[in-house]
Amino acid sequence: MSELTRLADVADQVKKYWSPIGISKLKEDSYLPSLVNREYEGTIQNEGDRVIVSEYVIPKATRKQTGAGEEAFDSVKLQTQKVEVIANQTITVAYEVQSLLEIESQIKQADSKLRENMIMGLENELNAYLMSLVSPSTSNPDHSISGVSDFNATQLAAVRNLAAKARWMKDGNWFGLVDPSYYSDMLNSTTLTSRDFTEGDTIINGKIANKRMGFNIMEDNSDALLSLSPAAAGADVGLFFHKDFMHLVMPQDIQFQISSLHSQKKHGYLISAHIVCGAALGISGSKKHILVYNT
């Protein structure tokens, strides 16, 4: 078998065995990317594709006393609010390897370290991109809460109260991502750990989430979450949100490619993985998430 034929064969096998596993793994192991809304109208195939996210405006009903003209009622035209999301981001991760054997030996491995590392690289950058779009409302009431050094039951109750007043839909899709410092505070709070007060735990995308005061709360040790602290404290940060606060669009497949480095006057091969994606805050998205941090 010639080197070109062998390269083509390896490339085909990578696409066959890695692409379907890759996108499933990306959804399972990432936090924010797997929790935000991924429903949209349209298809994402290439960079620059546009899709629409729409929401029906709740109409005002008519109420009349019986016998006082109840046979007549008012109507309004069907209205929707729309958000356009553009797939304007390409995320790529790549390795240079000396021999095709380094790739061939891992293609069919269920726990391939090469594939896992590439997917983790994509995951980390996708998570950082979504975190960079976080922008809670600062109008009254302010959805950016500062000066919280101890995230206990009292603080979580304040967040829940703010979410309820903002009329987040109570459909089970309230989430909280807290850094290890805040998570440790919660573990030290009897009200948040005792079964006499808590709602138990649940499984979200294969991860254990603590169900507390209506929120599915998970520990997030990513640098992207810590970067949300305006004070750059490196600790004490929490992001609470309804999944509709942000919309993420991306294709169903991770694109894997392999090529020779010969054209660059180098020995070896280049293997890359990339995704096309885009994201935007949803309808009233700034009021559907709350940032908590210490100063």
#### Entry: Separation between OG of S181 and CG of D150, rounded to the nearest 0.5 Å
8.5 Å

### Query
In the single-linkage hydrophobic clustering (I, L, V, M, F, W, Y; side-chain heavy atoms under 4.5 Å), do M118 and L261 co-cluster?
no

### Task
May I ask you to test the E104-L101 pair for a side-chain heavy-atom distance under 4.5 Å?
yes

### Message
Side chains of S149 and N294: any donor to acceptor distance under 3.5 Å?
### Response
no

### Task
Give a yes or no on whether the backbone of I283 and the side-chain of K288 come within a donor-acceptor separation of less than 3.5 Å.
yes

## Note on the structure
For S229 and V237 the tightest heavy-atom approach is CB-CG2, 3.6 Å

#### Entry: Minimum heavy-atom distance between R212 and L192, given as atom pair plus value
NE-O, 2.6 Å

## Note on the structure
Taken to the nearest 0.5 Å, the spacing of N216 CG from N173 CG works out to 8.0 Å

### Query
Measuring from L122:CG to T92:OG1, what's the distance to the nearest 0.5 Å?
7.5 Å

Please tabulate, for side-chain N and O atoms in residues 153-169, each donor-acceptor pair with protein atoms closer than 3.5 Å (sequence neighbours left out).
unit_1 : atom_1 : unit_2 : atom_2 : d
W168   : NE1    : K287   : O      : 2.8

### Message
Is it the case that the side chains of D220 and S222 hold a donor-acceptor pair, with the cut-off being a distance below 3.5 Å and no angle test?
### Response
yes

### Query
Same cluster or not: are Y31 and M120 linked, directly or through other Ile, Leu, Val, Met, Phe, Trp or Tyr residues, by side-chain heavy atoms under 4.5 angstrom apart?
no

### Task
Decide whether I145 and W174 are clustered together by the hydrophobic rule: side chain heavy atoms of Ile, Leu, Val, Met, Phe, Trp, Tyr closer than 4.5 Å, transitively.
yes

#### Entry: Contact summary for D179 and A235, nearest pair of heavy atoms
OD2-CA, 3.5 Å

### Task
With rounding to the nearest 0.5 Å, note down the distance linking CZ in F151 to OG in S189.
10.0 Å

### Query
Between Y183 and N210, do the side chains contain an N or O donor and an N or O acceptor separated by less than 3.5 Å?
yes

### Summary
For P33 and R38, the nearest pair of non-hydrogen atoms, with its separation, is O-NH1, 3.3 Å

### Task
Applying ring-ring contact (aromatic ring centres under 6.0 Å, His included), name anything that partners H247, two or more places apart in sequence or on another chain.
none

### Task
Would you indicate whether the side-chain heavy atoms of Q257 and H274 approach each other to under 4.5 Å?
yes

### Query
Is there a chain of hydrophobic side chains (I, L, V, M, F, W, Y, each step under 4.5 Å between heavy atoms) that links Y293 to L130?
yes

### Task
Drop me the distance from I91's CD1 to N127's CG, to the nearest 0.5 angstrom.
10.0 Å

### I254 vs I275, side chain to side chain contact (heavy atoms under 4.5 Å, CB included): CA-CA, chis, key distance, verdict
CA-CA 5 Å; I254 295 176; I275 56 174; 3.8 Å; yes

#### Entry: Check: S135 main-chain N/O paired with H289 side-chain donor or acceptor under 3.5 Å
yes

### Task
Walk me through it: do D171 and H242 pass the test side chain to side chain contact (heavy atoms under 4.5 Å, CB included)?
CA-CA 9 Å; D171 54 3; H242 185 281; 3.0 Å; yes

### Message
Before we go on, tell me: are the rings of F240 and Y182 under 6.0 Å apart, centre to centre?
### Response
no

### Query
What residues form a salt bridge (charged side-chain N to carboxylate O under 4.0 Å, His left out) with K170, not counting sequence neighbours?
none

### Message
Let me check something: do L270 and I103 share a hydrophobic cluster, defined by ILVMFWY side-chain heavy atoms less than 4.5 Å apart, either directly or through other members?
### Response
no

#### Entry: side chain to side chain contact (heavy atoms under 4.5 Å, CB included) evaluation trace for L35 with F241
CA-CA 10 Å; L35 298 177; F241 57 92; 4.0 Å; yes

### Message
Tell me whether D223 at atom CG has more than 12 heavy atoms from other residues, nucleotides or ligands lying less than 6.0 Å away.
### Response
no

### Query
Given M131 and L177, is the side chain to side chain contact (heavy atoms under 4.5 Å, CB included) satisfied, shown in steps?
CA-CA 11 Å; M131 289 290 186; L177 299 177; 4.1 Å; yes

### Task
First locate atom OH of Y269, then atom CG of L100, and finally report the distance between them rounded to the nearest 0.5 Å.
4.0 Å

### Distance-minimising heavy-atom pair for P136 and L291
CG-CB, 4.0 Å

### Message
Restricting to non-hydrogen atoms, name the atom on C277 and the atom on L126 that form the minimum distance, rounded to 0.1 Å.
### Response
SG-CD1, 3.9 Å

